[in-house]
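If you read the sequence from its start, that first residue is 1, and numbering goes on from there.
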Amino acid sequence: MVREIKENELLELLELYLHLHEEAIPETTEHLKDTWNTIIKDKNHHIIINEKDGKIVSSCVCIIIPNLTRNIRPYAFIENVVTHSSYRGKGYATECLNFAKEIAEKENCYKMMLLTGSKDEATHNFYSNAGFNSTDKTAFIQWI
């Protein structure tokens, strides 16, 4: 079942992020709690999960960004697309991305975009098959 995350599911999400690029679950500090509260209360911040048999197996984040161009239409940014390694290749992440697209359409976004650090052709094909292209824009990153 694809849906938005509930406030009490932070730990399970952090466990899923171990299949993304995290090496450990962060310590439960005030900073973590404050960040989670900020995210969960932000109407433009959507954490989408795909749940199978009561377990979060896939997720992505969809941020709606207000914008003054394109007839004052917002755009959506997708981040942290991840599927538990035991559940990959079954369409769960695609379902999350489709849910994100529904949110973006509901919010009248003119585009959705994402970045990937992966050089893996299979990952690129996954995003292409999900409707994204890598020809319209060039991304530049400055790490801070």
- Query: Thinking salt bridges, do Lys33 and Glu30 make one under a 4.0 Å N-O criterion?
  - Reply: yes
Which pairs would a plain distance check flag for residues 94-108, meaning a side-chain donor or acceptor within less than 3.5 Å of a matching protein atom at least two apart in sequence or in another chain?
{"residue": "Glu95", "atom": "OE1", "partner": "Asn50", "partner atom": "ND2", "Å": "2.7"}
{"residue": "Asn98", "atom": "ND2", "partner": "Thr94", "partner atom": "O", "Å": "3.4"}
{"residue": "Asn108", "atom": "OD1", "partner": "Arg73", "partner atom": "NE", "Å": "3.4"}

Between [Y] and [X], is there a side-chain heavy-atom distance shorter than 4.5 Å?
X	Y	result
Ile65	Cys109	no
Lys111	Arg70	no
Pro26	Leu14	yes
Phe77	Leu114	no
Thr35	Asn37	no
Lys52	Met1	no
Ile56	Glu9	yes

Consider only side-chain heavy atoms of I, L, V, M, F, W and Y, link residues closer than 4.5 Å, and tell whether [X] and [Y] are in one cluster.
X	Y	answer
Ile48	Leu115	no
Ile63	Ile141	yes
Ile40	Leu13	yes

To the nearest 0.5 Å, tell me how far [X] [atom1] sits from [Y] [atom2].
X	Y	atom1	atom2	answer
Ile49	Glu4	CD1	CD	9.5 Å
Cys60	Leu20	SG	CG	11.5 Å
Ser134	Tyr127	OG	OH	12.5 Å
Thr83	Leu16	OG1	CG	7.5 Å

- Test Thr69 against every option in Ile72, Asn71, Asn67 by the side-chain contact (heavy atoms from CB on, under 4.5 Å) rule and name the one that passes. Asn67
- Note on the structure: Of Ile39, Val61, Ile78, Ile64, the one forming a side-chain contact (heavy atoms from CB on, under 4.5 Å) with His46 is Ile64
Indicate the atoms forming the closest heavy-atom contact of [X] with [Y], along with that distance.
X	Y	result
Asn80	His21	OD1-NE2, 4.4 Å
Glu7	Trp36	O-NE1, 3.0 Å
Met112	Phe132	CE-CZ, 3.3 Å

- Going through the distances and angles, do Asn125 and Glu121 end up as a side chain to side chain contact (heavy atoms under 4.5 Å, CB included)? CA-CA 6 Å; Asn125 289 337; Glu121 188 174 338; 3.8 Å; yes
- Query: Can Glu15 and His84 be said to form a side chain to side chain contact (heavy atoms under 4.5 Å, CB included), step by step?
  - Reply: CA-CA 9 Å; Glu15 289 171 354; His84 187 289; over 6 Å; no
- Would you please say whether a donor-acceptor pair under 3.5 Å links the side chains of Asp136 and Asn133? yes
- Ring geometry between Tyr110 and Tyr75 (parallel below 30°, tilted from 30 to 60°, perpendicular above 60°): perpendicular
- Could you go step by step and tell me if Met113 and Lys137 meet the side chain to side chain contact (heavy atoms under 4.5 Å, CB included) rule? CA-CA 10 Å; Met113 61 183 176; Lys137 298 264 184 176; 5.8 Å; no
- Note on the structure: Contacts of Glu27 meeting side chain to side chain contact (heavy atoms under 4.5 Å, CB included) (sequence neighbours excluded), chain-then-number -> Thr29
